[in-house]
Number of protein chains: 2
Amino acid sequence: MDKNPDMYSQHISQQFNNELEEIKNQLLSMGGLVEKQVSDAMRALIDADSGLGKAVRRKDDDINQMELHIDEECTRILARRQPAAIDLRLVLACSKAATDLERVGDEAAKIARHAIKLTEEGEAPRGYIETRHIGSRVRRMIQDALTAFARFDPELAFRVAQEDKSVDLEYKTAMRELVTFMMEDPRSITRVLNIIWVLRSLERIGDHARNIAEHVIYLVKGQDVRYIGLKRMKEEVLKDNS
Amino acid sequence: MDKNPDMYSQHISQQFNNELEEIKNQLLSMGGLVEKQVSDAMRALIDADSGLGKAVRRKDDDINQMELHIDEECTRILARRQPAAIDLRLVLACSKAATDLERVGDEAAKIARHAIKLTEEGEAPRGYIETRHIGSRVRRMIQDALTAFARFDPELAFRVAQEDKSVDLEYKTAMRELVTFMMEDPRSITRVLNIIWVLRSLERIGDHARNIAEHVIYLVKGQDVRYIGLKRMKEEVLKDNS
């Protein structure tokens, strides 16, 4: 269910509508690329494919350039079109979401770097299964946050924020296990540390997905829901503001 | 040398000038508080003062609220005043710098959490001296980035970006030493991991200081200098755009 056509304010200029649609599409393309980077970085790790890891690292600059481009477009629209209400919120949300996506790209590049190191150092240490599982969950969070953005769907966005809390718990459990493993087998320290850094990156990717979800709620509901906790966030999302 | 009075565009409305000045002052106040949080968190770590650590954690929400407030003000100015050129860049730079400062606050709260843990676990492990040194350097970076913002000084901002590169090198060296230490004395693993997380937070604080510095260069020079490398950044900073 795509709610877009009704969402923007009524503009005299069709051109302005096109510009808003265009900036949103650019953000979603950037999101698609970033999500692929996360997925490729995890595949490089699990399949011990250092070639794929290197490809992820090379592509990181494309993502940086996409962020610059989206930000430039947002600034241009602010200066020339002087948007208000939902249009203004859309432009600001795109600019902020682009920053979050760029950071997700950075984390994917870091995961790729650890994948390359682990591949070079040989056999896989313990902790892969949990990492793989958390990896799938945060990838799904990025996908859902982007879908929520595409559809202006605050309820889906809320579910992403909920998921982030649950991923954080799984992250903590996995981290404790890895620390225990290092203590039991100190020869594994450097290798396990690589997995620990990957886990940390995944946890941060989850945070960024949650940020993007919060931008979507702000965009649609006009309410900044950062730092208010899940309970109040849910109330804001369910509030009828039509 | 305060260049402010000449920086804003000439406005018919003195009120608008006041609003721009006010948003900048709010950002600088937030910066002052965040810098104190970093400094208190490091003191809690070094003096094994868990009371101070807890105070830092309590104050983190004040910083979150300051970010929300600044962001709200920025959106209000964009909607009502429809700023252009340097005024628009100032509003956008304030909004972005507030996000970076809020993240620095998060890292300070994390450092405080590790300080509390380390205090509870007793005696101090190796790695404090390097951590302390890197801590002073990143605090100085935050200060300088804020001074550069207050004075619209792109050259000082550039020096912050330069410093970030050098701090990253020191961080890597300190990290290698800590890993070696864990391997030599596996009983220290959990304690050294706490120091490792503190180091990681400090490195990220340095990154945010660099981001703020880049916002200052964008604000004054009208040029987005992210991802272009220090050499080209310096050229942009020295370029005469008067």
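All chains are named by letter (A, B, ...) in the order of the sequence lines, taking the proteins before the strands, and each is independently numbered beginning at 1.
- Note on B/D61, B/T99, B/L68, B/T190: by heavy-atom pairs under 4.5 Å with chain A, the leading option is B/L68.
- At most 12 non-hydrogen atoms from other residues, nucleotides or ligands lie less than 6.0 angstrom from NZ of B/K234.
- Of the two parts of B/R200, only the side chain, counted from C-beta on, holds a non-hydrogen atom closer than 4.5 Å to a non-hydrogen atom of chain A.
- A/N211 touches chain B through its side chain: at least one heavy atom from C-beta onward sits under 4.5 Å away, while N, CA, C and O do not.
- Across every non-hydrogen atom of B/I189 and A/M182, the tightest pair is CD1-O, 3.6 Å.
- For the atom pair CZ (B/R204) and CZ (A/R204), the distance works out to 4.0 Å, reported to the nearest 0.5 Å.
- A/E67 has a carboxylate O that lies under 4.0 Å from a charged side-chain N of B/R226, or vice versa, which qualifies the two as a salt bridge.
- Neither the backbone nor the side chain of A/R80 comes within less than 4.5 Å of any heavy atom in chain B.
- Per-residue heavy-atom pair counts under 4.5 Å with chain A were compared for B/R81, B/E102, B/R89, B/Q65, and the maximum is reached by B/E102.
- The nearest pair of heavy atoms linking B/P186 to A/M183 is O-CG, 4.5 Å.
- A 6.0 Å sphere centred on CZ of B/R232 holds no more than 12 heavy atoms belonging to other residues, nucleotides or ligands.
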For this session: Report the C-alpha distance between A/L193 and B/L193 in whole Å, list the side-chain angles of each, state the deciding distance to 0.1 Å, and finish with yes or no for side chain to side chain contact (heavy atoms under 4.5 Å, CB included).
Result: CA-CA 10 Å; A/L193 269 177; B/L193 269 177; 4.2 Å; yes
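- Ranking B/T75, B/I196, B/D224 against chain A, the residue ahead of the rest is B/T75, based on heavy-atom pairs under 4.5 Å.
- Both the backbone and the side chain of A/A79 come within contact range of chain B, each with at least one heavy atom under 4.5 Å from a heavy atom of that chain.
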For this session: Start with the C-alpha distance between B/L78 and A/L92, add both sets of side-chain angles, then the distance that settles side chain to side chain contact (heavy atoms under 4.5 Å, CB included), and finish with yes or no.
Result: CA-CA 10 Å; B/L78 288 173; A/L92 295 176; 3.7 Å; yes
